[in-house]
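Nothing here was measured: the structure is a model prediction, and the numbers come from that model.
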Amino acid sequence: MSQDNRGSSTSQRPAVGPSIGRGRRGPGGMPGMGPVEKAKDFKTTLRHLLRYLKPFTPAIILSLSFAIVGTALNVLPPWLMGEAADVIFVGATGRAAGGGGVDFGQIRTIIIALAAIYVGSFVFSLLQGIMMASISQKVSYNLRKAFYAKINKMPLKYFDTNPHGDVLSRMTNDIDLMGDSLGQSLAQMITAAISLIGVITMMIILSVPMTAVALLVLPLSFVIVRFIVKRTQRYFKAQQKFLGAVNGQIEEVFAGHQVVKAFNSERRSLVAFNQDNDKLYTAAWKAQFVSALIFPLMFFVGNVGYIAVSILGAYMAIIGALAVGSILSFVQYARRISDPINMLAQVSNVLQSTVAAAERVFEFIDEKEESPEAENPADTGKVTGGVTFENVNFGYKDDTPIIHNFSADIAQGKRIAIVGPTGAGKTTIVKLLMRYYDLQDGRILIDGTDITEFKRDDLRAMMTMVLQDTWLFNGSIMENIRYGRLGATDDEVIAAAKAASAHHFIQTLPNGYEMEINEEANNISQGQKQLLTIARAILLDPKILILDEATSSVDTRTEILIQKAMDKLMEGRTSFIIAHRLSTIRHADLILVMNNGDIIEQGSHEELLAKEGFYSELYHAQFES
């Protein structure tokens, strides 16, 4: 299909510019914000995320095995250092066998063992980190593919009712956040759990009474973590939501920058941006502030336990119930017991943010798609282009119909003009023909076959549509025209440009057909853009041609040239021409006059003028002096 059936990137509200950075940024605080939306279903989102991780199960298991080994090795150094302390203490106090002093051979052995343990822990942790980074980025890669594939399956109704910037934010910010934190979260959860188990085990081996004292603070630690995590999820969810809103504002104003300037709406757009930015600032500040409370609170609780252990250890050393080295080892373990708890708390925050982002991504992926294709699609090979509308009824909202009982029988090769005031339903008719929307009642047939029996791709491949809103992408002029038929040769592209009266102006541009059109396509004029989209339509050589105000942005002289090219292009093809310039549709075989979704008149140009009805009024109003 050739073009311009892809809408612009702006949504319905006034606008605002480039996509901002990613993820969970945004400090600040603003009093007075109302209740923040909480995650709809944490567990379901988490299960959905785990399904994307399932293909990488073997790699995840291997990576987590590396994490377990690396963490287990990292638990041993305090014990070995305690052994070294005992050797030194016993030798220094003259209690070694035979009074031989410090056994430096044993110290050397311990040092070598420590070095080997630290090197082994580093290697296993490095391997685990590399593998999890690879897994998390592959998951992000798959999510982007699924997201982009979903975009092409979504009905246009979704994009008509949702800001484009928010959809963009879900695909970029939210998926990036998931990729950045996913590998980190899984590995740290396992590392923290193994570390906690290992530390507690070593503490029990060294001293059960001191372990009991140290563990008294653990329930308080878990209560603090649970309390804070429970409250941060709603703020992380709100943060991602408002980030999408801010992106929507920025993307809209950036896309409509000239319009904003033309109507002196900079201040108005700034006010709208500041409102959403303040909400993002507040949600992000609350999320970061509440989650940051974990660390000072955990540090305080850890210090209380550390003091209690130190006092009991000193007492046990005095009475000779525990060796000095064991006390030193135990104190190190007691100091380290808060580390895995802090890590679990940190992972909980990251996981909350990740799931909040994942929920927004999966909300889009789970959205209702276009109605299913026919199981046994009809063949389009012998289609000639006859179109029949049978009692068509449609409204963008179920309770607000736009097209009322529309019927028309159009023979193959005829030129059908559809005219009427703005909002009469002219463009809606051709959107229904191309199945951008499905009917609420009635049928549309091509050569007697209901359009729902064709595959959408096959149906749209039979047609080309040129809208008054042009769409060009960042690339050369040659590439933009060839978009209509990717296999076309350079000569065929140039021939199409000549037929559309675009060849002359292309030759005057720097580099001609190889000139790069920039991202906003504002380095050529609006009329030139329209000529290129018409050339793209000519290149496709369709069976059904749809022209929706296709010459609205060109001057009268160029319009005459294009009209001649269009007359040649329309020969033998069923053509729908939507036009406000009634001079361009005088030679149509049939003119349908629409008003408020109904056909109120139909006939040739001369017949409708002779009736002196609605069409006659429209025509004379345009040409009155």
What I'd like to find out is whether the side chain of [X] reaches to under 4.5 Å of the side chain of [Y], using heavy atoms alone.
X      : Y      : value
Ile60  : Met131 : no
Phe159 : Ile151 : yes
Phe362 : Leu143 : yes
Trp79  : Leu206 : yes
Ile117 : Pro77  : yes
Met202 : Val199 : no

Main-chain N/O of [Y] paired with [X] side-chain donor or acceptor, under 3.5 Å:
X      : Y      : value
Asn474 : Ile517 : yes
Glu373 : Arg456 : yes
Asn274 : Leu270 : yes
Thr71  : Ile194 : no
Ser329 : Pro78  : yes
Thr45  : Glu359 : no
Asp166 : Asn162 : no
Ser207 : Met203 : no
Ser125 : Ser121 : yes
Ser134 : Ile130 : no

Is the number of heavy atoms from other residues, nucleotides or ligands within 6.0 Å of [atom1] ([X]) greater than 12?
X      : atom1 : result
Lys150 : NZ    : yes
Tyr315 : OH    : no
Tyr118 : OH    : yes
Met189 : CE    : no
Phe473 : CZ    : yes

To the nearest 0.5 Å, what is the distance between [atom1] on [X] and [atom2] on [Y]?
X      : Y      : atom1 : atom2 : value
Thr44  : Asp366 : OG1   : CG    : 10.0 Å
Ile205 : Thr201 : CD1   : OG1   : 6.5 Å
Gln137 : Arg144 : CD    : CZ    : 7.0 Å
Asn152 : Glu369 : CG    : CD    : 10.5 Å
Tyr436 : Glu370 : OH    : CD    : 10.0 Å
Gln275 : Leu280 : CD    : CG    : 14.0 Å

### Message
If you apply the rule salt bridge (Lys or Arg N to Asp or Glu O under 4.0 Å), what do you find for Lys241 with Asp276, and how did you get there?
### Response
CA-CA 10 Å; Lys241 173 184 174 182; Asp276 283 344; over 6 Å; no
Tell me the closest heavy-atom pair linking [X] and [Y], and the distance in Å.
X      : Y      : result
Leu80  : Ala113 : CD1-CB, 4.2 Å
Gly313 : Met210 : CA-CE, 3.7 Å
Tyr333 : Leu76  : OH-O, 4.1 Å

### Query
According to the interplanar angle, ranging from 0 to 90°, do the rings of Tyr396 and Tyr437 count as parallel (below 30°), tilted (30 to 60°) or perpendicular (above 60°)?
perpendicular
### Query
Aromatic rings Tyr158 and Phe364: how do their planes relate, parallel, tilted or perpendicular, breaks at 30° and 60°?
perpendicular
### Message
Could you check, using the six-membered ring where one of them is a Trp, whether Trp471 and Tyr483 have ring centers closer than 6.0 angstrom?
### Response
yes
#### Entry: Distance-only donor-acceptor check, side chains Ser371 and Arg435, under 3.5 Å
yes
